[in-house]
Amino acid sequence: MDSLNQEQKRELFTALSERERMLREDIRREMNLQDDYVDLASDVPDPGDLSFANLSIDLGNAAVTRDMNELRAIELARKKIGKRIYGECISCGYDIPFERLQAIPTAERCAPCQQNFERTHYQDGMKGAIL
């Protein structure tokens with residue numbers, strides 16, 4: 001974090017706060033939509049409408065889960081700011097470039113380490129998969 005100046009730190013903190021606000025709005029909106037789909041699923045006798053409502057609920061749950069995971073990443077980034085280790089790669093320990101943090105304020109790894117992480121975990125996740 002020592003490589004970031006005060007202006008950069010302010011910019012990244014603001015970006016984290018704005019993203020958190022947007023995520024919370026998205027979650028509220030998605031939860032309201034899910035209530036509508038639950039009403040539809042319980043009111044309609046048509047199997048096609050029921051299937052659509054169930055699919056919509058499942059997709060909404062996935063979106064909320066994704067948003068909640070990002071909120072957790074924002075919370076972790078804020079804790080790292082407090083500990084003065086924000087912007088430090090968790091794999092190699094070097095500073096994450098400011099430009100990468102601008103693009104992804106919750107980044108935990110520098111680009112080379114992230115690529116290596118994804119390559120390694122992609123292969124692990126593909127074991128037994130049919131391509």
Would you confirm whether Y86, through its side chain, and T106, through its main-chain N or O, come within 3.5 Å as a donor-acceptor pair?
no
Keeping the roles fixed (side chain from Q8, backbone from N5), state whether a donor-acceptor pair exists under 3.5 Å.
yes
Validation row: [X], [Y] side chains within 4.5 angstrom (heavy atoms):
X	Y	answer
E108	Q114	no
I96	R109	no
R78	I74	yes

Find the distance between CG (L71) and CG (L23) and round it off to the nearest 0.5 Å.
4.5 Å
Hey, what do you get for CG (L4) to CD (E11), rounding to the nearest 0.5 Å?
10.0 Å
Between E88 and K80, does at least one N-O distance fall below 4.0 Å, as a salt bridge requires?
no
Hey, is K79 close enough to E75 for a salt bridge, meaning N to O under 4.0 Å?
yes
Only one of R28, R21, R29 forms a side chain to side chain donor-acceptor pair (under 3.5 Å) with E25, so which one is it?
R21
Which residues pass the ring-ring contact (aromatic ring centres under 6.0 Å, His included) test with F98, not counting sequence neighbours?
none
Apply salt bridge (charged side-chain N to carboxylate O under 4.0 Å, His left out) to R19 and list each qualifying residue two or more places apart in sequence or on a separate chain.
E70
